[in-house]
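Order of the sequence lines sets the chain letters (A, B, ...), proteins ahead of strands, with each chain counted from 1. Just so it is clear, the values below take in all heavy atoms, side chains as well, and ignore hydrogens, waters and symmetry mates.
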Amino acid sequence: MLGDILLDIYRWLFDHFGPQGWWPAEDPFEVCLGAILTQNTNWGNVKRAIENLKRENLLSPRALREISVESLASLIRPSGYYNVKARRVKNFVSFLTDRYEGDINNLRKEDPLELRRKLLSIKGLGPETTDSILLYALDLPFFVVDAYTHRILCRHGLIPEVISYDELQEIFHQNLVRDVPLYKEFHALFVACGKTYCKKQSPRCDDCPLSTLDQKF
DNA sequence: CTCCTGCAAG
DNA sequence: CTTGCCGGAG
């Protein structure tokens, strides 16, 4: 029932926007950095920050382990919240080097739910950042919930205004097949729809590919 | 001015 | 539950 509606949403969005090809990054570690840097931040600004790190050959756990948090902060400045994010990147890199030999692939040896719990214990990694890493860097089937997901489903009356991250994620896990490519594309499509149509202010409901959804109730 | 693929601290 | 973090684009 709800699964059918979610699949309908997916199809309409996919038909309208086409494949999004997320996550835009060269390797899994870059995905992790991007996931932290894009917290409440426009991706365009994150790209600048990552370009700075690339230019300085700092896109590796080893290199980021060495650099001072102050230097790191100045390099990621364009992404905003640079002081807190530099600390958060440092926390993640320490976690990776101290416990997994700085190799992102060693994370795959963990039980997925246990790994999620451990990532969440890192200061600066909340549920969305963690699930982005699990899904887009490690190809594990965890649905990434974000502000767009909530806004779109809420405006169509499919979920209550007040709902926790885990509760909303469970809706996807319980009602959709645990398919990694589907989860990757679906989240990216929610973002595309949220940015283009289901905007926070002055949403463009008339042109929205999901406009027929409301008539089902 | 608001918003952006949040999160932790107060 | 509210606030601080913050640059860049529209």
Subject >> Nucleotide nearest A/A147 when distance is taken to its side chain, options B/dG6, C/dC6, C/dG8 >> reply: B/dG6
Subject >> Salt bridge A/E51-A/R48, side-chain N to carboxylate O under 4.0 Å >> reply: no
**OP:** Please work out if A/G44 contacts a base, only the sugar-phosphate, or nothing of the nucleic acid, heavy-atom cut-off 4.0 Å.
**Re:** nothing
Original post:
Which of the following nucleotides, B/dT5, C/dC5, C/dG8, is nearest to the side chain of A/E128?
Top reply: B/dT5
**OP:** Report yes or no: do A/N40 and A/Y81 form a side-chain donor-acceptor pair below 3.5 Å?
**Re:** yes
**OP:** Would you state whether a donor and an acceptor, one from the side chain of A/N42 and one from the base of C/dG8, lie under 3.5 Å apart?
**Re:** no
**OP:** Looking only at side-chain atoms of A/R151, point me to the closest of B/dT5, B/dC4, B/dG6.
**Re:** B/dC4
Original post:
Under 4.0 angstrom, heavy atoms only, what part of the nucleic acid is A/L125 near: base, sugar-phosphate, or nothing?
Top reply: sugar-phosphate
Subject >> Test: A/R178 cationic atom under 6.0 Å from A/F142 six-membered ring centre, within 45° of axis >> reply: yes
Original post:
What about A/V69 and A/I122, same hydrophobic cluster or not, with Ile/Leu/Val/Met/Phe/Trp/Tyr joined at side-chain heavy-atom distances under 4.5 Å?
Top reply: no
Subject >> Salt-bridge criterion met for A/R116 and A/D166 (N-O under 4.0 Å) >> reply: yes
Subject >> Nearest listed nucleotide, side chain of A/K123, among C/dG7, B/dT5, B/dA8 >> reply: B/dA8
**OP:** Go through B/dT5, C/dG8, C/dC6 for me and flag the one nearest to the A/Y81 side chain.
**Re:** C/dC6
**OP:** Measure from the ring center of A/F186 to the ring center of A/F14 and say whether it is less than 6.0 Å.
**Re:** no
**OP:** Would you mind classifying the nucleic acid contact of A/I122 as base, sugar-phosphate or nothing, using non-hydrogen atoms under 4.0 angstrom?
**Re:** sugar-phosphate
**OP:** Give me the residues of residues 198-205 of chain A where at least one heavy atom lies under 4.0 Å from an atom of DNA chain B, by number, or none.
**Re:** A/K200, A/Q201
Subject >> Side chain of A/R48 - closest among C/dA9, C/dG7, B/dT5 >> reply: C/dA9
